[in-house]
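This report concerns only the one structure given below.
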Amino acid sequence: MAGTNGKQKTARDMILSLGVIVLVGLVIWLFIPHDDKEPELQRVDYRVELLTARRAAAYPVAAPEGLPKEWKPTSVRFRGDDFDAWHLGFHAPDGEYVTIEQSTQKPSTFVDEASQGAQKTGTTEEIGGRTWTRYEGGRYDALVLHDTDGTKGATTVVAGTGSFEQLTKMAAALKMERTSAQ
């Protein structure tokens, strides 16, 4: 009989341990947030990078003016050693993504990369006094401004998951400026 009591005690200890584990798991689940929403994207201040790019780039650098506050800038970079590449990304009011890309890289290569493989449609639009060409793709659509429109050797791409209406709004808000280095 001594052997049976030991087996019962071991089984009881295992059941108690399992109960404690389940209870701890329940407490953790109740008190640790488990929100399925996407994390809030942080707004970036791109003024310093924009001033740097406008001083260093060989072309007028594009940035929007007058967009509503709901357009949240989320990423920025200027790479002078990489074809004077300028990038400014925005989270649009409806949650879509819109980016401004500029570079002196070979236009066909740059447009393919910036638009993630979108194809030229042959459709052009006058936006803000400039002629933009539409590109359509599986992931991104794009509006492309070639250097023939006063960008002095650079190609400008407004692309993203946003609608053409959003891309057009961004293109219309762009101010292209170059600040000479002091």
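Since the structure is predicted, the reported quantities are computational estimates derived from the model, not experimental observations.
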Are the side chain of [X] and the backbone N or O of [Y] linked by a donor-acceptor pair below 3.5 Å?
X: D112; Y: S108; result: no
X: D84; Y: A58; result: yes
X: T124; Y: T131; result: no
X: Q119; Y: G117; result: yes

Output the distance between atom [atom1] ([X]) and atom [atom2] ([Y]), rounded to the nearest 0.5 Å.
X: L167; Y: L143; atom1: CG; atom2: CG; result: 5.0 Å
X: I127; Y: M170; atom1: CD1; atom2: CE; result: 12.0 Å
X: T156; Y: Y59; atom1: OG1; atom2: OH; result: 7.5 Å
X: S103; Y: R79; atom1: OG; atom2: CZ; result: 11.0 Å
X: R43; Y: H91; atom1: CZ; atom2: NE2; result: 11.0 Å

When you check the side-chain N and O atoms of [X] and [Y], is any donor under 3.5 Å from an acceptor?
X: E165; Y: S163; answer: no
X: T161; Y: E96; answer: yes
X: D94; Y: Q166; answer: yes

Do the non-hydrogen side-chain atoms of [X] and [Y] ever get within less than 4.5 Å of each other?
X: L145; Y: T155; answer: no
X: Q102; Y: V157; answer: no
X: E101; Y: E113; answer: no

Taking all non-hydrogen atoms of both residues, which atom of [X] and which atom of [Y] are closest, and how far apart?
X: A53; Y: W86; value: CB-CE3, 3.7 Å
X: Y135; Y: H146; value: OH-NE2, 4.0 Å
X: A142; Y: A159; value: CB-CB, 3.8 Å
X: F78; Y: A56; value: CE2-CB, 3.7 Å

For this session: Answer with yes or no whether the hydrophobic clustering places L88 together with V98; edges join I, L, V, M, F, W, Y residues whose side-chain heavy atoms lie under 4.5 Å apart.
Result: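 Yes, L88 connects to V98 through the hydrophobic network.
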Exercise. With the 4.5 Å side-chain cut-off for hydrophobic clustering, are Y140 and V111 part of the same group?
Worked result: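 Not linked; separate clusters.
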Exercise. F164 ring centre to R134 NZ or CZ under 6.0 Å, with the angle to the axis within 45°?
Worked result: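 Yes, a cation-pi geometry.
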Problem set entry | Contacts of type side chain to side chain donor-acceptor pair (under 3.5 Å), residue E177, not counting sequence neighbours |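 For E177 the side chain to side chain donor-acceptor pair (under 3.5 Å) partners, ignoring immediate neighbours, are K175.
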For this session: State which residue, out of T99, T168, L174, V144, fulfils the side chain to side chain contact (heavy atoms under 4.5 Å, CB included) condition with V158.
Result: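 With V158 as partner, T99, T168, L174, V144 yield a single side chain to side chain contact (heavy atoms under 4.5 Å, CB included), made by L174.
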For this session: Anything under 30° is parallel, anything over 60° is perpendicular, the rest tilted; go ahead and classify Y46 against F90.
Result: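 Ring orientation of Y46 relative to F90: perpendicular.
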For this session: Could you tell me whether D45 and R47 make a salt bridge, using a distance below 4.0 angstrom between a side-chain N and a carboxylate O?
Result: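 Salt bridge between D45 and R47, a charged N being under 4.0 Å from a carboxylate O: yes.
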Atom pairs and distances, donor-acceptor, side-chain atoms in residues 60-77, under 3.5 Å, two or more places apart:
{"unit_1": "K72", "atom_1": "NZ", "unit_2": "E40", "atom_2": "OE2", "d": "2.8"}
{"unit_1": "K72", "atom_1": "NZ", "unit_2": "L41", "atom_2": "O", "d": "2.9"}
{"unit_1": "S75", "atom_1": "OG", "unit_2": "H87", "atom_2": "NE2", "d": "2.7"}

